[in-house]
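Structure, as structure tokens:
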2 protein chains.
Amino acid sequence: MIRRAVRVAARLSQRRALAGAPCILPRLNPTSAFGSSTDSLVSRFCPEKTDLKDYALPNASWCPDMLSLYQEFLEKTKADGWIKLPSFKSNRDHIQGLKLPSGLAVTSDKSEWRIFTRCIQVDGQGYEYVIFFHPSKKKSVCLFQPGPYLEGAPGFAHGGSLAAMMDETFSKTAYLAGEGLFTLNLSIRFKNLIPVGSLAVLNVDVEKIEDQKLYMSCVAQSKDQQTVYAKSSGKQVRQPQSCHHHPQNRWKETR
Amino acid sequence: MIRRAVRVAARLSQRRALAGAPCILPRLNPTSAFGSSTDSLVSRFCPEKTDLKDYALPNASWCPDMLSLYQEFLEKTKADGWIKLPSFKSNRDHIQGLKLPSGLAVTSDKSEWRIFTRCIQVDGQGYEYVIFFHPSKKKSVCLFQPGPYLEGAPGFAHGGSLAAMMDETFSKTAYLAGEGLFTLNLSIRFKNLIPVGSLAVLNVDVEKIEDQKLYMSCVAQSKDQQTVYAKSSGKQVRQPQSCHHHPQNRWKETR
């Protein structure tokens, strides 16, 4: 059976060269094992200077575990090849010039758009998170602290909020590791509930890239690794090269 | 390999008998095929009178498709056994007396808690949804309209926002159909992106109840059924009877 799915073409915006908050930059090694594609994607994804607010920075709501692990990874950005990804309020700030699939018109009104995982604006109430990415290891670590607006069972994060955090971390990782653009599959096994206000560490790996697809895995656990919150796998589809030229095309895949 | 997961005991609150907004009530047939357990769960879940705001009511942001399908299902609540579920800002308003698992303290501060799928307060910006449930068919239909704060790719709902909506619909359905309390598994295949501001109809079925677990499926599609947005399956675990007496116990399951 053939299925049709939306195929879109994405082009990253040029770097903004406006004055603004400093951004932690990747230290790219031109002789490293990973290809120039990832170099280029990362450097465009992490603008050197921008006037956009980076939401992936510490604030007063962060718990001590989150702050200390953030500092630990920040140190690793200086020597170990890790990159701190900036996080703007909308994907539109990361990705511009995205051509729309045929038949799906998007309103151009003055709505304020927000990426789902930055939908709540008060520090600590909703999603607090920061993603670190390692290009050559094709790994990410997401530090995630759910706030009281992400509740499911009283006092604990909604399973759906963790599902969304996993999907978002998969998406950003897949994009940077191999131009993955869309989630095809997401499969989660929940183990323990995450207490609101505490830290969950999401360890994401790109397992393989095959047939234009990226296969990814995630383990979400407590900082001390004693409690596994959930495990998941995800499949993302790459942007086929032809997509740049034929954005209206749709891909085909057996269900 | 043995895994441990949080086991909690939930007790529904007694009906509130305060004056307030009218709530659409189930028309329960005492001679129907479904057990008294579901009758009792539904009647406690849908208080006759409450002063709590029901967020699952039409507002100016609802698109014409959502409004018309809502009216259609509302008619079915009068004769066909469907029930419109109320939706409060927190699960705490639905479920009280939930005992906490050992070792996981929940702060009792004055935080405002919100169920994740009601985290955004402005009409139309975030989640708009209403769930209808049919006790004897063990089915639910969720009308879901994602707002601009639920964005992933520009103009489209984030996959994670749909994942959370599916998880929430599974959870409420599993609770009412068989006292399902926690999501064990959630597996989603994404087919097409949902345009922001449009209606997605989630058709949920309880496939079977076995070994204290509920197996559920969901198809999310456009109103005209011409576009499938995603398909998913989920597994929820029931509340074991012993759990009432030993809330600190954890369940064991082979991974």
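In what follows, chains carry the letters A, B, and so on, assigned in the order in which the sequence lines appear, proteins first and then strands, with residues in each chain numbered from 1. When reading the values below, keep in mind they use all heavy atoms of this one structure, side chains included, and skip hydrogens, waters and symmetry mates.
- Qualifying side-chain hydrogen bond (donor to acceptor under 3.5 Å, both in side chains) partners for D211(A), counting only residues two or more places apart in sequence or in other chains: none.
- In this view, E210(B) and K208(B), Y215(B) satisfy the side chain to side chain contact (heavy atoms under 4.5 Å, CB included) rule, not counting sequence neighbours.
- With a 4.5 Å cut-off on non-hydrogen atoms, I120(A) touches chain B through its side chain but not through its backbone.
- Between the OG atom of S187(B) and the CD1 atom of I188(A) there is a distance of 9.0 Å, given to the nearest 0.5 Å.
- Between E112(B) atom CD and Q125(A) atom CD the span is 7.0 Å, to the nearest 0.5 Å.
- In this structure, CD in E151(A) is found 15.0 Å from CZ in R118(B), a value given to the nearest 0.5 Å.
- Residue F190(A) forms a side-chain contact (heavy atoms from CB on, under 4.5 Å) with just one option from V237(B), N185(B), T183(B), L184(B), and that option is T183(B).
- Atom OH of residue Y149(B) and atom NZ of residue K89(A) lie 6.5 Å apart, to the nearest 0.5 angstrom.
- Using a 4.5 Å cut-off between heavy atoms, L150(B) touches chain A through backbone and side chain atoms alike.
- In this structure, chain A has a heavy atom under 4.5 Å from the side chain of Y127(B), while its backbone stays farther away.
- Note: D167(B) CG to H158(A) NE2 = 5.0 Å, rounded to the nearest 0.5 Å.
- Across A163(A), S233(A), S161(A), the residue that shares the most heavy-atom pairs under 4.5 angstrom with chain B is S161(A).
- For the options G147(B), A164(B), G126(B), S171(B), heavy-atom pairs under 4.5 Å to chain A are most numerous at A164(B).
- Using cut-offs of 30° and 60° for the angle between ring planes, the F116(B) and F116(A) rings count as tilted.
- With hydrogens and angles ignored, the 3.5 Å screen pairs no side-chain donor or acceptor of N91(B) with any backbone N or O of P154(A).
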